[in-house]
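Read the structure below first, then the notes.
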Number of protein chains: 2
Amino acid sequence: MQHRKLATIEDVAAIAGVSIATVSRAINEPTKVADETRRRVAEAVARTGYTTNAMARSLRMRRSNMILILAPDVGDPNFSNILVGLETEASKRGYGVLIGNTQNDPAREADYLRFINSNQADGLILLTGHLPYGIGAAGSAMRLPPMVAVNEPVSNSDVPFVGVDNFEGARIAAEHLIAQGHRRIAFIGHSTSKAVNKLREQGYRAALSGAGLAIDPLLILDGDGTTESGRAATEHMFVRDVLPTAFLCVNDATALGVIISLTARKYDLPRDFSVMGFDDISFASFVTPSLTTMKQPRHRIGEGAMDLLLALLAGETPANTEVLLRSELIVRNSVGAPRRA
Amino acid sequence: MQHRKLATIEDVAAIAGVSIATVSRAINEPTKVADETRRRVAEAVARTGYTTNAMARSLRMRRSNMILILAPDVGDPNFSNILVGLETEASKRGYGVLIGNTQNDPAREADYLRFINSNQADGLILLTGHLPYGIGAAGSAMRLPPMVAVNEPVSNSDVPFVGVDNFEGARIAAEHLIAQGHRRIAFIGHSTSKAVNKLREQGYRAALSGAGLAIDPLLILDGDGTTESGRAATEHMFVRDVLPTAFLCVNDATALGVIISLTARKYDLPRDFSVMGFDDISFASFVTPSLTTMKQPRHRIGEGAMDLLLALLAGETPANTEVLLRSELIVRNSVGAPRRA
DNA sequence: GTCGAGACTGTAAACCTTTACATCGATCAT
DNA sequence: ATGATCGATGTAAAGGTTTACAGTCTCGAC
């Protein structure tokens with residue numbers, strides 16, 4: 001209860017009747033100390049309730065056993081599950097996890113670098129998709145810590161990346177629709193700037209080509225991944241009167257927009273139209289109809305990224321600088337056979 | 001790029017032509033050093049890119065400027081937004097945030113205490129609803145760090161608490177239903193063990209009493225806050241054929257179960273029945289009908305809790321040991337006037 | 001001219017480890 | 001008997017700060 005002084009290694013040494021060096025060794029390299037001595041030290045540790053002071057240790061060893069995680073928004077459910085994976089793996093390996101919520105604010109990003117500069121963190125996990133502001137500047141001559149990008153790769157850089165295989169996932173999704181008998185499949189979420197969107201569109205194209213289906217440019221609509229973009233794209237199709245039998249959406253949020261639009265027009269899903277998402281975000285199972293989608297292995301992504309980072313920290317040079325995990329097809333109720341196949 | 005040695009305070013001192021003590025003062029207590037000297041130090045700092053080594057500083061000052069957050073599941077969207085608030089406030093005040101995902105595993109909880117014991121964290125935020133395992137034991141004689149409970153109070157303890165005013169929120173919710181003309185209002189989620197449930201039920205009772213409505217025990221059903229419990233309770237009401245015109249649910253998950261049950265029975269909401277939730281979790285706006293509910297000010301809860309903890313750390317003894325924030329009524333489409341009022 | 005006060009600055013200790021190097025016996029090969 | 005080797009331990013330095021205390025200098029009052 002009282003804030004009384006904690007036991008130090010000297011207290012332990014005194015009780016055990018050995019030097020502090022021996023205590024340190026008994027704790028960190030048990031094999032290097034005689035059995036009897038080790039026993040006495042262990043007892044003294046128990047008696048005093050000694051815990052090694054992490055600050056002193058970090059100061060001396062020049063490493064903190066801490067990892068800094070930079071994310072634009074920790075509250076985003078998409079991230080938070082990755083976070084759990086990251087934390088689980090780090091904790092298992094004796095590392096602590098420090099979080100930095102940047103909100104894409106350059107000032108905050110730069111600020112968090114103080115953890116790196118001041119040795120408070122040994123490595124960096126980037127969920128932001130770019131190097132933190134202030135680290136790129138060559139002038140700053142700042143020392144780059146070991147780091148791994150997750151979820152979104154850092155463009156034109158050699159930062160190792162762990163994420164989902166978007167191309168493959170979108171291909172599987174499109175093939176699922178094709179297997180249901182769909183021939184006119186729209187892709188909602190075309191974008192020239194977002195890497196994720198581009199990869200998923202490529203997967204879509206690959207699946208159609210693989211099935212010998214022509215790609216109709218009129219069925220490929222722009223979208224930035226928001227619910228509103230899904231709604232707008234759907235409305236646009238009705239205006240132009242160019243309709244598919246199935247919508248493959250770049251993500252679940254977009255799919256939700258499509259569903260909202262179709263439901264407002266009194267269509268019965270999936271009888272009239274099939275809709276497919278990507279990500280399996282939390283509400284995917286609660287929408288009506290519940291959303292068939294590709295589930296991202298978020299937990300495993302987190303674990304994998306941390307595993308890679310810790311390998312980097314241990315000085316290893318991993319074989320592949322890009323780890324892609326497979327997403328899983330989750331069949332729910334938003335996809336069915338086309339009405340008039 | 002290279003892992004070259006970082007500049008120390010000595011380097012700065014040498015360049016500025018002063019002692020290290022002066023450098024330290026120039027940085028930490030600028031008023032205590034002459035203008036000219038301060039200028040020279042500032043220049044030297046800029047030249048070397050010096051950052052003070054947090055480890056050395058923490059070792060010397062016996063505090064780390066870190067806060068440990070213990071949560072059962074960081075991925076839970078209910079928590080993750082609180083987390084953002086906690087982090088925002090901490091960061092603003094120069095503190096870092098360390099996360100510990102306990103999964104309610106006693107072993108993990110105990111393990112995270114190493115951060116406290118080893119001075120790696122100065123304070124503790126508890127989202128778990130109980131003292132970490134291994135801290136309660138009086139035998140361990142462990143020093144209790146300053147801490148604050150969030151979301152769920154720590155039962156029979158004097159740990160300060162920051163959270164939402166459940167009683168008040170539930171009362172407002174019930175009053176909203178009453179204002180719509182409802183007289184037979186069910187409460188789904190009675191529980192003798194969960195403090196949150198009890199408070200919300202009390203708010204419900206207070207509203208009814210305040211409006212001069214009798215409380216019908218048959219309209220108060222058990223529930224543990226899960227979607228399934230909401231579904232089961234609703235089915236149970238149909239079996240007994242005791243029906244309300246509105247369902248006030250202990251939380252959104254329960255409300256979702258109620259909606260699923262009613263929708264399955266082909267009722268039209270909110271024409272046939274009104275349903276109200278509590279929490280405003282992310283999918284509340286995506287369900288059909290979208291859910292009228294009480295929104296928890298999660299971000300502010302997080303900020304408030306961190307603010308309180310930092311006050312504690314600063315040695316202040318805050319007036320009230322319990323901070324209750326008001327929830328906000330979010331009107332959507334699941335509540336309407338009763339059919340035959 | 002002396003003294004005191006006040007403004008700056010410097011010296012050195014303390015914070016608690018880890019670890020290179022030295023020491024000391026004991027064992028063993030020669 | 002000598003020297004080498006080896007295992008176990010101790011000594012002391014180093015890691016980079018903060019800060020109590022002491023010191024120096026200037027200036028004004030007497």
Side-chain angles (χ1 to χ4, degrees), chain A residues 3-42 44-45 48-66 94 114-120 122, chain B residues 3-42 44-45 48-66 94 114-120 122:
Chain A
H3 197 86
R4 74 154 185 274
K5 244 178 105 206
L6 292 154
T8 77
I9 202 172
E10 292 207 54
D11 303 331
V12 175
I15 293 186
V18 296
S19 75
I20 61 170
T22 300
V23 173
S24 176
R25 275 188 291 256
I27 293 171
N28 302 312
E29 308 161 294
T31 63
K32 292 201 172 181
V33 52
D35 288 357
E36 165 59 11
T37 313
R38 186 171 44 219
R39 200 191 52 67
R40 288 217 313 279
V41 170
V45 166
T48 55
Y50 170 75
T51 327
T52 110
N53 180 315
M55 294 311 167
R57 157 180 270 220
S58 293
L59 174 58
R60 176 61 221 238
M61 302 189 67
R62 285 212 178 84
R63 54 203 227 92
S64 55
N65 277 26
M66 288 279 165
R114 73 173 196 274
F115 289 119
I116 300 292
N117 286 324
S118 67
N119 272 341
Q120 266 179 114
D122 302 335
Chain B
H3 196 86
R4 75 152 185 274
K5 244 178 105 204
L6 294 154
T8 77
I9 202 173
E10 292 207 51
D11 302 332
V12 176
I15 293 187
V18 296
S19 75
I20 62 170
T22 300
V23 173
S24 176
R25 275 189 292 255
I27 293 171
N28 302 313
E29 308 161 291
T31 62
K32 293 201 172 181
V33 51
D35 288 358
E36 165 60 12
T37 312
R38 186 172 44 218
R39 201 191 51 67
R40 288 217 312 279
V41 169
V45 166
T48 55
Y50 170 75
T51 327
T52 111
N53 181 316
M55 294 312 168
R57 156 179 270 221
S58 295
L59 174 59
R60 175 62 222 241
M61 301 190 67
R62 284 209 179 85
R63 53 203 227 96
S64 55
N65 277 27
M66 287 280 166
R114 74 175 196 273
F115 289 118
I116 300 291
N117 286 323
S118 67
N119 272 343
Q120 265 179 116
D122 301 335

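FYI, side chains are in, hydrogens and waters are out, and symmetry mates aren't considered; it's all heavy atoms of this structure. Owing to the predicted nature of the structure, the values given are computational and were not obtained by experimental measurement. Throughout, a chain's letter reflects where its sequence line sits, starting with A, and its residues are numbered from 1.
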Let me know the distance between [atom1] of [X] and [atom2] of [N], rounded to the nearest Å.
| X | N | atom1 | atom2 | result |
| --- | --- | --- | --- | --- |
| A/Asn119 | C/dT17 | CG | P | 19 Å |
| A/Arg57 | C/dC16 | CZ | C1' | 12 Å |
| A/Ile9 | D/dT11 | CD1 | P | 14 Å |
| A/Glu29 | D/dG7 | CD | C1' | 14 Å |
| A/Gln120 | D/dT17 | CD | P | 13 Å |
| A/Arg40 | D/dA8 | CZ | C1' | 12 Å |
| A/Arg38 | D/dG7 | CZ | C1' | 13 Å |
| A/Lys32 | C/dA20 | NZ | C1' | 11 Å |

Donor-acceptor pair, side chain of [X] and main chain of [Y], under 3.5 angstrom:
| X | Y | value |
| --- | --- | --- |
| A/Asp11 | A/Thr8 | yes |
| A/Ser24 | A/Ile20 | no |
| B/Asp122 | B/Asn65 | yes |
| A/Arg38 | A/Ala26 | no |
| B/Thr37 | B/Val33 | no |
| B/Ser118 | B/Arg114 | yes |

Under 4.0 angstrom between [X] side-chain N/O and [N] OP1 or OP2:
| X | N | value |
| --- | --- | --- |
| B/Thr37 | C/dT9 | yes |
| A/Ser24 | C/dT17 | no |
| B/Asn28 | D/dT18 | yes |
| A/Arg62 | C/dT18 | no |

**Item:** Steps toward side-chain hydrogen bond (donor to acceptor under 3.5 Å, both in side chains) verdict (B/Asn28, B/Arg57)
**Value:** CA-CA 12 Å; B/Asn28 302 313; B/Arg57 156 179 270 221; 2.9 Å; yes
**Item:** Touch class at under 4.0 angstrom, heavy-atom based, for A/Thr52 against every strand present
**Value:**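 A/Thr52: backbone/sugar contact only, no base atoms under 4.0 Å.
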**Item:** Closest-nucleotide ordering on DNA chain C, the 5'-leading residue of B/Thr31 and A/Met61
**Value:**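 It is B/Thr31 whose nearest nucleotide is closer to the 5' end.
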Sort me out a list of protein N/O and nucleotides 10-13 of chain C N/O pairs below 3.5 Å, or just none if empty.
residue : atom : partner : partner atom : Å
C/dG10  : OP2  : B/Ser19 : N            : 2.8
C/dG10  : OP2  : B/Ser19 : OG           : 3.1
C/dG10  : OP2  : B/Thr22 : OG1          : 2.8
C/dG10  : N7   : B/Arg25 : NH2          : 2.9
C/dG10  : O6   : B/Arg25 : NH1          : 3.2

**Asked** the helix from C/dG1-D/dC30 to C/dT30-D/dA1: angle between its terminal axes, five pairs each, to 10°?
**Response**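 Here the helix ends are tilted 60° relative to one another.
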**Item:** A/Ser58 vs A/Arg63, side chain to side chain contact (heavy atoms under 4.5 Å, CB included): CA-CA, chis, key distance, verdict
**Value:** CA-CA 5 Å; A/Ser58 293; A/Arg63 54 203 227 92; over 6 Å; no
**Asked** From C/dT18, C/dT9, D/dT18, pick the nucleotide closest to the side chain of B/Ala34?
**Response**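 The answer is C/dT9, which lies nearest to the side chain.
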**Prompt:** Is the closest side-chain heavy-atom distance between A/Val23 and A/Val18 below 4.5 Å?
**Reply:**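 Heavy-atom side-chain distance check passes, below 4.5 Å.
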**Asked** Which distance, rounded to the nearest 0.5 Å, do you find between the CD1 of A/Ile9 and the OG1 of A/Thr48?
**Response**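 Result: 10.5 Å between the selected atoms.
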